[in-house]
Participant: 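A single structure is presented below for examination.
Naming convention: chains lettered A, B, ... in sequence-line order (proteins, then strands); numbering from 1 in each chain. Note that this is a predicted model, so its numbers are computed, not measured.
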Amino acid sequence: MTNSMSDALKTLEVFRPEVEEIDEREVKLSVAPDRVIAVLETLKSLGYSHLSLMTCIDWIEDSQFELVYILFSWKDGGKFIVTTRIDRNNPQFVTVKEIWPVARFYEREIHEFFGVKFSGNEDMKPLFLELWDDKPPLRKDFDPLEYSRRKFPGREYQKDVIDEAKKIFRGEING
Amino acid sequence: MGETKLFFGPNHPGMHGNFSVHMYVEGDIVKKARPVPGFLHRGFEKLMERRYWYSNISLIPRICVPEPDINEICYAMAIEKIAKVEVPERAQWIRMIVLELARIANHIWTVGGIGGPLGLYTASHWGVADRDRILDIFEALSGARVYHMYIIPGGVRKNMTPKIEEMIWKTLDYIESRLPDYENLIFKNRIVHSRLRGRLILTREQAVEMGVTGVGLRATGVEYDIRKVDPYLFYDRVEFEVPTATDGDAFSRVYLKFKEIPQSIKIIRQALEKMPQADRVNVPIGRGNGLRRIVPKGMAYAHVESTRGEYGFFVVSDGKNKPYRVAVRGASYPQGLYGIEKYLPGTRIEDVPIWLATMDVCAPEIDR
Amino acid sequence: MKERSIWERIADNLRSRSIWMLHYCTGCGAVELPPSMTSRFDMERFGIAPMATPRQADILLITGYLNTKTLRRVIYTYEQMPDPKYVVGFGSCTINGGIYFDSYATVNRLDYYIPVDVYIAGCMPRPEAILEAFNYLMEKIRKGEADGWKRYRENYEWYKQNQIRSLGEVYVHDEFHE
Amino acid sequence: MIKALFNLVLAFFLVLSLEGIARKIVARVQRRIGPPWYQNFIDVFKALSKHPFSNGWVFDFGVLMALGGSVATAMLMPLGSLKWTPFPNTDNFFVITYLFTVGALGMAMGMVGSGNPWASIGISRALTQMLGYELPFLVVMASVIFNYKTASIHQLITFQGEKWNLFSMPLGAIVAFISLIGMMGKKPFDIAIAPAEIASGPMVELSGKYLGLLQIMHDFSLFVEISLFVNVFLGGGSLGWFLVKFVTVWVVAVLISSVLPRFRIEQMLKFYWGVPLGLAFLNALFVVLGLTL
């Protein structure tokens, strides 16, 4: 843990984050949903001004979405992964568009792939998919193979080549 | 003059890859511009959750087509961070050589590629032809020209034979001899100066606010390079400079890429000398046998300085034999989506393909 | 094979020697097009030159997988091309979906939507394979077997019905209005 | 009348094979082999053999008018000496320039009629480009006509029997060559058909037969432009000498164009109305003061 990251952690004590050190220059902070914006702003003021990535993880067993903000500082190369957990059935969160303007597109993408609504960011048009009629695709309970077989007819082989490939893959029959 | 609606659409020769910009144009000035990505969307993040850790290696280089090696290195480094695996030293040096060779290949291609929007087709012909020399090295090394699948979690797939090292030395000398020709053809050409200098200027505040990384940021005067700021592999054991410029316009972005080529050549030469001889170049990760390795629970983010900027993988594993979630940070995501909407209005039609070329908007890594 | 008139045979011979390729990279195989167009493999010596618009093009290259959004534009482009037109499919993604067989966004079989004349093997076929395929296409044109466009014209309904079934609608929306 | 037909046949075969050779030269500059020299013939006949899409009668009429205009000018053009002038008394410079612009305007009307926004942008660029190179060219031609007190091309040729205008009016010749490159639409000035910016401009909607016809029209206009420059500035001689000069001017233009990028449209205007126009006026001043070398 580089020294500038450890003293950044000291200033963040007031938000009581759960700290987990992944690497010598990478620290994961899980924070309660209502404190995320404050943590992000303090980190930005401490020099972690570059929002590398904003994404979402779908923990389907405990029916929660985990929003992940990865901040990077050009000064000392330290990375903070700020994560927070929100409910999966009615996913709501506040936008960080004012802090990082590029987050508008990240949120639009997360809305399209996970269905998380971001209050304050009204530009929620579909970004990558066109005329999408099924549930958000990156959720764990969406099965792409079944969707692909239903919508896009494949090539019928006399011998089911794909199944055979799977068997070879599992080592039941040698290739 | 009324506004005409133009689809600078997916089928347009000035467009790199499959991407579209819908814009309103008045005369030659762009009034409103909207990026339309998604033409190359294959849902990688979903597909990767359905394949084993090792069998993802064949899927991953196909994310970013012009430069596949950075995908492999990010995936490999992220997994090694989670599984806390120590990669053999020779494998790390070979990885550095492969990454720098890929950087030279891509830089020559984009420096030559600026000839497309400008009309200087001779430069693009030279650029692509010289890039082929490096693809021959990759072919000798990994058997494939573009998708090498060479860097795997735990090291590299095959050892680098002395014959390939000899080939690398010869190719580096050849490319170094070609650089003055590019200098005279492109960067001493007065019309190129008049077309690129002072166009599409991006100040440092705009770049930092937009999250631009790579050449777009270094053209505004700051020496921000992940190989220096957050060194991975052995970048702290080789010395090289990071060229920067001050006026942040289209010309300095292309010229910086051109000046990075000699630096990469210097890195490769130092790496080739410092590389120890060893025959063990990869280490199995996690436990389990054959393809079905199991990576312990955890999450990690590994990022790398690609030719277009910061490129990173965020990998989450829940202790099973398949990745739980893999998120890809495309290097040209900010300048491709947000940059077009904010900075293209006000420019001319001729500058739109130049923005896409100098900002290196690469469609497959935006759509994933 | 119906007997072709003299003029038809001459025209086919001419068409085979100067094929104009549409400069439209629909998939990842397009990275191997510049090397085959430029100095090292030089496609132009066979008379193959990249053209900017579908109106002037003869071949439509489907270079690899096909996203549903791209497929709508590809169908637009295919129908804009003047008549003796040919389609070349790159790699296994156009044959049976290839490595993306289970992806929700890519189609699994190209010739349900538009007729394909030549397939090239290889997940990203090499420049030599591309040039070999073009020469094979030239042979087929000279012999008059490359009649994909006739098939499209004859069973137009079948193709249209397949397209609507997989894509919902083939209309291209403008980003500003909705 | 036979000489006029000979003009057309010569124009068609000469320029098409020269364009094939030009593609070979550009290929050599780019270190590759390039197509056979007769490739352009195959391209034209293949384009003529395809089924086109018509965009309304304005589009069809525009293409025919363009072809008609350039064929008419090609018929009038003398080839280096009185013996080879088809119509000795009507080959006036102003007649040729007028007929030539009829062809260009016909193409402009047809392409805008095609309704494609790229085409209308391309046409507005082509017309501004015409405005750009026409001004210095006409000033130089005015000074040449004033100097020899005649506007008929074949008399101009006979006057420069012993000394070419290139040496008697070097400034004028340089300006004329620069505007010749603009007229031909060669590289620094091919803004109108820039593929990377406006998807090959006016030729966006041309398919099949129209493309073949426009290709032939382009050949005839190339023939007219270069032979005009050769006649006025490089004197004349037998037909053989005329062809040699024609080829050298063409090869020089191709070499220049293979290593230069494209101008922007407003840069092109600033360029043409800057130095070339100044040189043209300077040359006119020399001619008026009688200082021709």
Participant: Identify which of Val68(A), Leu51(A), Leu129(A), Thr83(A) forms the greatest number of heavy-atom pairs closer than 4.5 Å to chain B.
Facilitator: Val68(A)
Participant: Determine whether a donor-acceptor pair (N or O, by modelled atom type, separation under 3.5 Å) exists between the side chain of Glu26(A) and the backbone of Ala300(B).
Facilitator: no
Participant: Would you sort out whether Ile81(A) and Phe314(B) count as a side-chain contact (heavy atoms from CB on, under 4.5 Å), showing the intermediate values?
Facilitator: CA-CA 10 Å; Ile81(A) 303 181; Phe314(B) 175 66; 3.9 Å; yes
Participant: What part of Leu127(A) gets within 4.5 angstrom of chain B, counting heavy atoms only: side chain, backbone, both, or neither?
Facilitator: both
Participant: Looking only at non-hydrogen atoms, find the nearest pair between Tyr324(B) and Asp58(A) and report the distance.
Facilitator: OH-O, 2.6 Å
Participant: CD of Glu80(B) to CG of Asp23(A): how many Å apart, nearest 0.5 Å?
Facilitator: 11.5 Å
Participant: Assess the pair Phe39(B) and Phe128(A): is the distance between their ring centroids shorter than 6.0 Å?
Facilitator: no
Participant: Could you tell me whether Lys81(B) and Glu24(A) make a salt bridge, using a distance below 4.0 angstrom between a side-chain N and a carboxylate O?
Facilitator: no
Participant: Looking at Met299(B), is its backbone amide N or carbonyl O close enough to the side chain of Lys28(A) to form a donor-acceptor pair, meaning the two atoms are under 3.5 Å apart?
Facilitator: no
Participant: Just checking Glu86(B): does its CD atom have more than 12 heavy atoms from other residues, nucleotides or ligands closer to it than 6.0 angstrom?
Facilitator: no
Participant: What part of Lys342(B) is in contact with chain A, defined as an atom under 4.5 angstrom from a non-hydrogen atom: side chain, backbone, both or neither?
Facilitator: neither
Participant: For Arg155(A), look at atom CZ and say whether over 12 heavy atoms of other residues, nucleotides or ligands are found less than 6.0 Å away.
Facilitator: yes
Participant: Non-hydrogen atoms of chain B under 4.5 Å away: do they reach the side chain of Arg108(A), the backbone, both or neither?
Facilitator: neither
Participant: Walk me through whether Asp225(B) and Trp74(A) qualify under side-chain contact (heavy atoms from CB on, under 4.5 Å).
Facilitator: CA-CA 8 Å; Asp225(B) 182 330; Trp74(A) 287 110; over 6 Å; no
Participant: Evaluate the side-chain contact (heavy atoms from CB on, under 4.5 Å) criterion for residues Ile22(A) and Tyr301(B): first the C-alpha distance (whole Å), next the side-chain angles of each, then the deciding distance (0.1 Å), finally the verdict.
Facilitator: CA-CA 9 Å; Ile22(A) 302 168; Tyr301(B) 175 70; over 6 Å; no
Participant: Go through the atoms of Val328(B) and report whether side chain, backbone, both or neither lie under 4.5 Å from a heavy atom of chain A.
Facilitator: backbone
Participant: Considering all heavy atoms of both residues, which atom of Ser49(A) and which atom of Val208(B) are nearest to each other, and what is their separation?
Facilitator: OG-CG1, 4.4 Å
Participant: Contact part of Glu45(B) toward chain A, heavy-atom cut-off under 4.5 Å: side chain, backbone, both or neither?
Facilitator: both
Participant: Between Lys46(B) and Arg139(A), which heavy-atom pair has the shortest distance, and what is it?
Facilitator: NZ-O, 2.7 Å
Participant: After noting the C-alpha distance and the side-chain angles of Tyr106(A) and Tyr333(B), does the key distance pass the ring-ring contact (aromatic ring centres under 6.0 Å, His included) rule?
Facilitator: CA-CA 9 Å; Tyr106(A) 282 124; Tyr333(B) 193 94; 4.7 Å; yes
Participant: What distance separates Arg25(A) CZ from Asp230(B) CG, expressed to the nearest 0.5 Å?
Facilitator: 4.0 Å
Participant: What pair of heavy atoms forms the shortest contact from Thr55(A) to Arg325(B), and how long is it?
Facilitator: OG1-NH2, 2.8 Å
Participant: Just how far is it from atom CD1 of Ile366(B) to atom CD of Glu109(A), taken to the nearest 0.5 Å?
Facilitator: 10.5 Å
Participant: Which atoms form the tightest heavy-atom contact between His303(B) and Phe72(A), and what is the distance?
Facilitator: CE1-CE1, 3.3 Å
Participant: Can you tell me which of Phe142(A), Phe105(A), Phe113(A) forms the most heavy-atom pairs within a distance under 4.5 Å of chain B?
Facilitator: Phe105(A)
Participant: Salt bridge between Asp143(A) and Arg50(B), side-chain N to carboxylate O under 4.0 Å?
Facilitator: yes
Participant: Where on Pro101(A) is there a heavy atom nearer than 4.5 Å to chain B: the side chain, the backbone, both, or neither?
Facilitator: both
Participant: Can you tell me how far apart CD1 (Ile226(B)) and OG (Ser52(A)) are? Round to the nearest 0.5 Å.
Facilitator: 7.0 Å
